[in-house]
Number of protein chains: 2
Amino acid sequence: MASKRVTSHDVARRAGVSRATVSLVLNRSDAVALSQETRERVRRAAAELGYRPNSAGRMLASGSTETIGLIISDAAILPIDGFIPQVLHGIGQVNRERGLHVLLEGRDSSSGPNPYEALVDTRRIDGLIVLNPRSDDEPLRALIESEFPVVLVGSIRHPKEHSVNFSSRAGISAATRLLVDLGHRRIGMVAFAAPGFVAADARVSAVRRALQTHGLTMPDDAVDYADFSAESGYHATKRLLQRQPDLTAIFAGNDTIAIGVMSAAAALGRRVPGDLSVIGFDDLPFSAWLNPALTTVHIDAVQQGALAAEMLIRLLAGKPVDARQVRLDCELVERKSCAGAP
Amino acid sequence: MASKRVTSHDVARRAGVSRATVSLVLNRSDAVALSQETRERVRRAAAELGYRPNSAGRMLASGSTETIGLIISDAAILPIDGFIPQVLHGIGQVNRERGLHVLLEGRDSSSGPNPYEALVDTRRIDGLIVLNPRSDDEPLRALIESEFPVVLVGSIRHPKEHSVNFSSRAGISAATRLLVDLGHRRIGMVAFAAPGFVAADARVSAVRRALQTHGLTMPDDAVDYADFSAESGYHATKRLLQRQPDLTAIFAGNDTIAIGVMSAAAALGRRVPGDLSVIGFDDLPFSAWLNPALTTVHIDAVQQGALAAEMLIRLLAGKPVDARQVRLDCELVERKSCAGAP
DNA sequence: TTGTAGGCGTTATCAA
DNA sequence: TTGATAACGCCTACAA
């Protein structure tokens with residue numbers, strides 16, 4: 001029943017000092033000159049009373065919220081794909097270490113009122129991380145141009161953006177080489193999202209370029225589009241293999257899609273990898289334990305989140321950032337879902 | 001470059017009224033008697049200036065933060081298991097509709113300083129949702145007893161707790177009946193977490209009870225323990241099948257674990273479902289597309305999250321709650337991972 | 001080394 | 001129907 005809330009005033013009275021002194025002792029640790037004895041007295045009073053500064057008062061006076069916003073551009077993906085939770089985890093870890101809070105804001109698709117002003121204009125947050133930003137998101141562009149601290153996990157190709165992204169080149173070219181070495185010539189792809197979704201498009205064109213290196217092409221007919229879920233991957237693959245029955249290998253847009261691809265293959269009586277080789281993306285924690293174990297391009301999503309958080313923290317501190325756009329590498333992990341072309 | 005921030009004072013001046021009037025117009029919509037004309041004038045001024053009330057000021061004056069805390073008891077699970085993201089999604093949806101914000105707080109295992117006081121005592125949040133609470137979490141018990149609005153997703157069996165949980169009975173007895181009807185007599189289990197983790201233990205004992213109904217027992221030797229990941233499920237299953245090679249069916253503690261179970265079966269040369277039947281829990285979105293499609297107990301995690309959020313919102317509004325402890329049902333989804341006992 | 005005074009932007013209480 | 005005025009709890013010059 002310690003229901004009466006304790007304010008800095010109470011602490012001050014108990015310690016026999018002024019409120020200002022309390023604030024100094026508790027916030028500016030050793031910066032200012034205060035007698036050890038006063039410090040001790042204040043600390044003890046605070047501890048005895050169980051004093052906890054009211055955050056609203058602190059925000060108002062200091063102008064800092066110690067909170068960052070985290071926007072998931074398409075909240076519906078959260079329960080379906082394993083990627084975002086990993087990024088979340090990375091962001092959470094860093095913020096916890098730094099004592100920052102995270103305000104999580106989902107967005108129901110790209111429609112609906114933009115959530116930025118609700119957080120930024122009301123000064124609820126000091127900085128923002130946007131997951132899977134869409135390049136047609138005008139309010140986001142405006143926010144970036146306003147110099148408000150924003151870090152993207154992904155990219156909208158804005159010259160002033162701060163972002164942490166993946167360069168899929170290395171992983172994709174290794175994957176492509178693997179398939180080509182195994183004798184595959186007719187290679188298709190199931191993108192993890194509809195055309196227009198930057199990250200998905202990027203993977204398709206990266207694969208295309210890599211194939212060209214080997215003198216191979218991937219015609220439009222050899223690409224189909226899923227919509228994040230394994231189920232959508234299943235249906236896309238069925239369409240794809242119906243249209244292009246000669247394909248001997250398929251790039252899945254990510255590992256969740258790969259589950260659907262393998263399921264569709266099974267449904268069509270094609271064995272993986274005997275009749276059809278499959279390569280995933282992301283290397284989710286369970287991918288090594290699928291049947292067959294999935295050969296995939298490993299991406300360290302947790303680290304991506306952590307780096308984004310660290311970059312934002314630098315921005316908040318006004319420290320310089322080495323590079324506005326960070327690109328992480330990825331690498332091929334060979335497992336059991338690829339074999340020689342039939 | 002609208003860098004100068006707009007305060008209610010500016011709006012008041014522009015509309016030719018006082019700050020108090022601005023507040024009334026903007027917050028208490030029609031509650032109070034104000035002339036239509038004044039309303040209109042204030043609204044227009046606010047719109048023209050792009051006025052956004054400062055949240056800290058509002059919190060301080062009103063005492064309400066319009067924010068709820070969300071604690072993930074073991075943050076390390078987030079990137080590994082598909083369950084929490086679904087709950088998150090459900091919570092997020094409801095809060096978005098209601099215009100509430102969500103402060104996400106992870107916790108690094110049950111160690112570390114408890115995060116409750118950091119949120120509650122500093123008045124950063126109006127209410128709290130705790131995911132996967134542990135029953136040995138003393139600070140949490142204290143918080144519940146303090147009458148602070150808390151809703152658990154899961155349970156710590158505290159009489160005063162507000163919680164949303166699952167009654168796995170229906171699903172488990174259906175699953176058990178299925179196995180028994182298929183001729184299985186030696187049935188084992190791989191729990192999704194170590195003993196002591198309430199939710200995992202509950203599933204083990206529920207399975208045990210259901211088997212007893214059919215005159216079967218599941219000795220301790222027929223149970224092994226994983227640790228959330230598919231990988232840990234793989235290893236646990238290997239141990240289990242080594243110890244109890246006669247098992248013809250395995251309950252997996254959840255679908256992620258089931259992936260590991262099936263993988264271990266494959267590694268040991270057992271075919272699923274021909275040589276070994278497997279039943280999962282949760283029915284994650286991808287489970288229908290695994291190879292073989294997983295027979296599992298469906299749990300609507302999104303709804304669980306949504307209900308928890310709605311319950312908390314009622315609590316915040318001071319409205320009565322129908323039941324402090326809500327238990328959702330679950331049901332068996334038959335797919336392809338179970339077959340007649342060999 | 002410490003205290004005083006003012007301000008942060010809102011909301012709430014009264015008078016008018 | 002509206003406007004002063006006082007909280008709300010904290011921080012930070014600046015003065016002592």
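Numbers restart at 1 for each chain; the letters A, B, ... are given by sequence-line order, proteins then strands.
Taking CD from A:Q304 and CG from A:L131, the interatomic distance works out to 8.0 Å, rounded to the nearest 0.5 Å. Separation of atoms CG (A:N95) and CD (B:E105) is listed at 9.0 Å; rounding is to 0.5 Å.
The only option from A:R327, A:Q325, A:R324 that meets the side chain to side chain contact (heavy atoms under 4.5 Å, CB included) definition with A:S163 turns out to be A:Q325. Applying the side chain to side chain contact (heavy atoms under 4.5 Å, CB included) test between B:N132 and each of B:I71, B:D74, B:I84, B:V153 identifies B:I84 as the sole match. Residue B:L104 is tested with A:L104, A:L103, A:L70 for a side chain to side chain contact (heavy atoms under 4.5 Å, CB included); the sole match is A:L104.
Put simply, the side chain of B:R157 reaches to within 4.5 Å of the side chain of B:V198, judged on heavy atoms.
For the pair B:N54 CG and C:dG7 C1', the computed distance is 13 Å after rounding to whole Å. Rounded to an integer number of Å, the gap from B:H9 NE2 to D:dA4 C1' is 13 Å. Note: CD (B:E40) to P (D:dT1) measures 17 Å, nearest angstrom. Rounded to a whole Å, the CG atom of A:L24 is 10 Å from the P atom of C:dT2. Nucleotide C:dC8 holds its C1' atom 14 Å from the CG atom of B:D10, rounded to whole Å.
Contacts between residues 55-68 of chain A and DNA chain D, defined by a heavy-atom separation below 4.0 Å, involve A:G57, A:R58, A:L60, A:A61, listed by number. Interface residues of residues 12-20 of chain A facing DNA chain C, ordered by number: A:G16, A:V17, A:S18, A:A20; criterion, heavy-atom separation under 4.0 Å.
A sub-4.0 Å separation between OP1 or OP2 of C:dT1 and a side-chain N or O of A:T38 is absent. Side-chain N/O atoms of A:T21 include none lying less than 4.0 angstrom from OP1 or OP2 on C:dT2. For C:dG9, the OP1/OP2 oxygens have no side-chain nitrogen or oxygen of B:T7 closer than 4.0 Å.
Within the helix from C:dT1-D:dA16 to C:dA16-D:dT1, the inter-axis angle between the opening and closing five-pair segments is 40°, rounded to 10°.
With sequence neighbours left out, the side-chain contact (heavy atoms from CB on, under 4.5 Å) criterion links B:A75 to A:H89, A:R96. Here B:F83 pairs with nothing under the ring-ring contact (aromatic ring centres under 6.0 Å, His included) rule; sequence neighbours left out.
A:D137 and A:R134 are not joined by a salt bridge, as no carboxylate oxygen comes within less than 4.0 angstrom of a charged side-chain nitrogen.
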Where do A:K160 and A:E145 land on the salt bridge (Lys or Arg N to Asp or Glu O under 4.0 Å) test, with the steps shown first?
CA-CA 7 Å; A:K160 291 182 68 179; A:E145 283 157 15; over 6 Å; no
Output side-chain donor-acceptor pairs under 3.5 Å for residues 49-59 of chain B, partner residues at least two apart or in another chain, one line each.
| unit_1 | atom_1 | unit_2 | atom_2 | d |
| --- | --- | --- | --- | --- |
| B:R52 | NH2 | A:E117 | OE2 | 3.1 |
| B:N54 | OD1 | B:A56 | N | 2.7 |
| B:N54 | OD1 | B:G57 | N | 2.9 |
| B:S55 | OG | A:T122 | O | 3.1 |

